[in-house]
Amino acid sequence: MGLNMSIPFDVLSEKNNVSHLQHFYQNQPLATAVVMSSFVKRTLQTQPELLASWQTSPPSIEQCGNYATKLAERLQAVENEEHLAKVLRGFRHQEMAALSYLQSNKLATVEFIFQHLSDLAEALILAARDWLYQRCCEEYGTPMNMLGEKQELLILGMGKLGGRELNFSSDIDLIFVYPDAGETVGGRKPIENSKFFTRLGQRLIRALDEITVDGFVYRTDMRLRPFGDSGALVLSFAAMEDYYQEQGRDWERYAMIKAKILGEDFTNLNHRYLKQMLRPFVYRRYLDFSAIQSLREMKLKISREVIRRHLTDNIKLGAGGIREVEFIVQTFQMIRGGRDKILQERSLLSVLPQLAQLHLLTDVQVEQLRQAYLFLRQVENVLQAIDDKQTQTLPSDEEDRQRIVFATQSYLIEGNGEAQVVQYEMRTWQDFLEVLSQHQRNVRAVFNELIGEEEEETDEENEKLSVWKDILHYEITQEELNLVLQDYPVAEQDYPEIFQRLSSTFQDWVKRAIGVRGREVLRSLMPKVLDTVCSQPNYLVLLPRLLNIVDKITTRTTYLELLLEKEQILPQLVRLCGQSIMIAEQIARYPMLLDELISNKGLTQVLELNEYHKALQEYLIRIPEEDEEALIDGLRQFKQSHILRIAAADILDVLPVMKISDHLTYLAEAIIAAVVNMAWKSVGQRFGYPEHLAEGEQDFAVIGYGKLGGIELGYNSDLDLVFLHNAPENSETVGGKKSISSHQFYLKLAQKINSIFNLNTSAGVLYEVDMRLRPSGEAGLLVSTFNAYDFYQKNEAWTWESQALVRARCVYGSAILRERFEQIRQSTLSKVRSSGQLKQDICEMREKMYQHLANTNQAQFHLKTDQGGITDIEFIAQYLVLAYSHQYPDMAIWSDNVRIFDAAMACHILTSEQGNEMKRCYTSIRNRIHHLNLLRSESIVNADEFVEERAFVQQMWLQIFTEK
């Protein structure tokens, strides 16, 4: 059907220029509307009644709006969903054509246009919802909650729809929500509210989004809902609240700033509740500077999309575009909106002047941003009105360029309550580009000041670096990786495994909120990491360990920068991780351990042995005494950081094996002291303290057995502990909420100590504690008096318990208690024993252990349990103490094997050759066990290792235990 008007509608096929459009603008506003928009032309062609109406009463500002009332009248006659779709589309096209008419003829401000586009969309969505809700109620019954209250579907309009800033051809971003669970009433069969609203939501989307012969109403995007495409289409208030409290991310906060309940009515309790529920998620009470990094990451994703899809002429996503203006404003809203309530607005133009009032931006910056935003929105709406297409890309078509020039050389904006004309000296496309460029520079200057500028790549970056950068940013291919790996001594058969590890890691990083700065550091760091790793012979061991560490610190930019900028650190880390999976796993699990790399003293600079107590006290001072969980975490962190240092000193040959055990033991003793004092305060606050104690006394001792007692702790050693006290029989506690006997007090103290050690927090377990060496073992009391302990050791202890006592030491307690324990220990060890019975008991115990624990693979040697291993050496040392201490008291002094052998040489029990060789065998095997511990490997080696050592130990065993 042609247009029955005396207007030259073939004008679009002519060589048009600005002067033609200017002529129509002055003389034929209807022609101008058609020339400026093919969409308007099509609408008039398909709706001749609209054309007739315009000829007598052209669109005006006064006629626009009141969409809900006008649409309601048309929907009264609608009987089915097909008819609904037709009416919605016809109304939408008619009203949008009217707005395009006003825009093309410069009769309305830029703000008026996008506000009315938003109002139109809101009216269409709500009208469709309400019509379909009624139809669904007829089919399924009315949704009710448990209180019998009728339930409604609330719709959150997101993005520009929520801010009343909709584009001419925008998608609409929606989230559907309903108040309460329940089921329908009045239908043939009750269904759950969730099903009812899901069906309603699906039909609403179809009514709006489906393309029919009449076109569509709005492209509808539901991906901003909780869990995105994988989430439920409609959520209850409770489900939505749980999601945003527990899983809501910064980009969702950003999106929620503009969220509007369509048809907002705060006399409606559900509307009020929903808004109050969402506000704390969006606006934090404190100044939330962490949001900047999330916004940087969002902007970087957009920038990469611009480059990848060649969107450099995109006025929305490109540098200085609409999105950057939005970022600037919403960054301030996210950071300060919780404190400064005047920023809690959905409209960008409403927030902008507040930024100057709060002195966050200057008046000049605010005005520049406002002018740029309105200019860009004018361009955007004109672009989209041409053919009702969602585009923000500047046209290459000459006719469309003339339309843009015409629309932007002058236009109306709101100012001081009335329309103001913005005028530019603009006649050509080049003129337009210069004006556009100036606005973009103004926006970019503020954006860079606030968000941070992306650094340009430099010419100094080598070819490898650029290849790795591509792999980091885009989907990796096996062929790309193969080309890179050819430059390294990597076996070709290992290419697929390396590809798999890198591919899965990089794909995960693409989705992760790493941040602009973090990604830039990664782009420079990863080539160095991979270059270093792939240059090592054990690259397949190193790669997963280093990737795991970097993976855990991708959002900790400081650590990434540390690895990049401190050139000595990466080679050191590679060496440590190559020799210790324990170090690699600890750093990956607790990235704060990387703080140790920052120290000027270096990772291998361990404390002096006597400094651990003081260092731990200073470390814990910063933690409030009343925060027990934080204190326990602090203990674990202190332990982990110092074990890392000790292990590094071990691997890098800074400390010998004996010193490694010394440091691990003294570290444990410092932690034991801190735990006892923490438990002492905790139990004392509840029950008071034993009445027999003087100020500052505890009368409590911790005895360390095994490797702790022998000053021979390893990296994975448990703590074998026994607790002793000296309380009188009838003593009670005083000064607490409840009085108990002193014996009960010490029992509760022991239980509290045990629970602190075994509490599993985010920083792991402090130490595994074994209490089975106490008198009577697991059947005995958790804590004993000194007198009871003395009696048991001298009269009831088995030989194996006396063996254990050889390696016992008081590791916590006053000087008096330490001396008391040593008296008990040495007097017990110095008892006269039958040499034959002692040998028999020890050999029987060793045989039982060998049968249950020894390795049966003849090609291997278990360093601890096999014949000639550590256990044999320890049993020999224990025998020498138990057999000779009554004759040579010096044999009962030391608890560690090396000094026991020294004492045996001094007492001429062993020759110097025998004693020194026993020490060498012991330290060599222990050194290997330490390093296997670092690799999280069992204490097993090939049978062809330690052959001489095993033979000597077995020879000594036969000589000691079989000779009469």
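What you see is a predicted model, and the numbers here were worked out from it, not measured in a lab.
The side-chain heavy atoms of Ser924 and Phe946, taken from C-beta on, include a pair separated by under 4.5 Å. The side-chain heavy atoms of Asn897 and Gln878, taken from C-beta on, include no pair separated by under 4.5 Å. Side-chain contact check for Met905 versus Lys919: some heavy-atom pair is nearer than 4.5 Å. Inter-residue side-chain proximity for Asp699 and Pro690 is flagged as unmet; no heavy-atom pair is nearer than 4.5 Å. For the pair Leu932 and Val941, the minimum side-chain heavy-atom distance is below 4.5 Å. When side chains are defined from C-beta on, Glu732 does not count as touching Ile740, because their heavy atoms never get closer than 4.5 Å. Met918 is not listed as a side-chain neighbour of Cys921, based on a closest heavy-atom distance of 4.5 Å or more. Inter-residue side-chain proximity for Cys577 and Leu546 is flagged as met; some heavy-atom pair is nearer than 4.5 Å.
For Asn795, the CG atom sits in a packed shell: over 12 heavy atoms of surrounding residues, nucleotides or ligands are nearer than 6.0 Å. In the displayed structure, Lys864 atom NZ is contacted under 6.0 Å by at most 12 heavy atoms of other residues, nucleotides or ligands.
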(message) For a ring-ring contact (aromatic ring centres under 6.0 Å, His included) check, start with the C-alpha distance between Phe786 and Phe821, then their side-chain angles and the critical distance, and finish with the verdict.
(response) CA-CA 8 Å; Phe786 275 85; Phe821 171 75; 7.6 Å; no
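In this structure, the side chain of Asn548 does not engage the main chain of Pro544 through any donor-acceptor pair within 3.5 Å. Proximity of a side-chain donor or acceptor of Arg809 to a complementary backbone N or O of Tyr705 within less than 3.5 Å is not detected. Under the 3.5 Å distance criterion, the side-chain polar atoms of Asn538 are left unmatched by any main-chain donor or acceptor of Val541. Side chain of Ser830 to main chain of Ser827: no donor-acceptor pair is present (N/O by atom type, distance under 3.5 Å, no hydrogens or angles). When atom types are taken as modelled, the side chain of Arg686 and the backbone of Gly736 share no donor-acceptor pair closer than 3.5 angstrom. A donor-acceptor contact shorter than 3.5 Å is absent between the side chain of Arg825 and the backbone of Arg820. Side-chain N or O atoms of Ser784 include none that pairs as donor or acceptor with a backbone N or O of Leu724 at under 3.5 Å.
Screening Asn916, Asp896, Ile876 for a side chain to side chain contact (heavy atoms under 4.5 Å, CB included) with Phe901, the sole residue that qualifies is Ile876. Under the side-chain hydrogen bond (donor to acceptor under 3.5 Å, both in side chains) test applied with Asp650, the options His931, His930, Lys659 reduce to a single match, His931.
Annotation for Ile549 and Ala584: closest pair CG1-O, 3.7 Å, computed over non-hydrogen atoms. For the pair Ile646 and Ile660, the tightest heavy-atom approach, listed with the atom from each and the gap, is O-CD1, 3.7 Å. Contact record, Val811 with Arg818: O-NH2, 3.5 Å, taken as the closest heavy-atom pair. Nearest heavy-atom pair, Thr733 versus Ser741, reported as atom, atom and distance to 0.1 Å: CG2-O, 4.4 Å. In terms of heavy atoms, Tyr789 sits closest to Pro775 at CD1-CG, 3.7 Å.
The side-chain hydrogen bond (donor to acceptor under 3.5 Å, both in side chains) analysis of residues 606-617, with sequence neighbours excluded, yields the pairs Tyr612-His663.
Here Phe700 and Trp680 keep their ring centres 6.0 angstrom or further from each other. Checked against the 6.0 Å centroid threshold, Phe687 and Phe745 do not count as a close aromatic pair.
To the nearest 0.5 angstrom, Leu719 atom CG is 9.5 Å from Asp770 atom CG.
Taking Asn677 as the reference, Gln698, Tyr812 meet the side chain to side chain donor-acceptor pair (under 3.5 Å) condition, with sequence neighbours excluded.
Between Tyr619 and Gln637, the side chains place a donor N or O and an acceptor N or O closer than 3.5 Å (distance only, hydrogens not considered).
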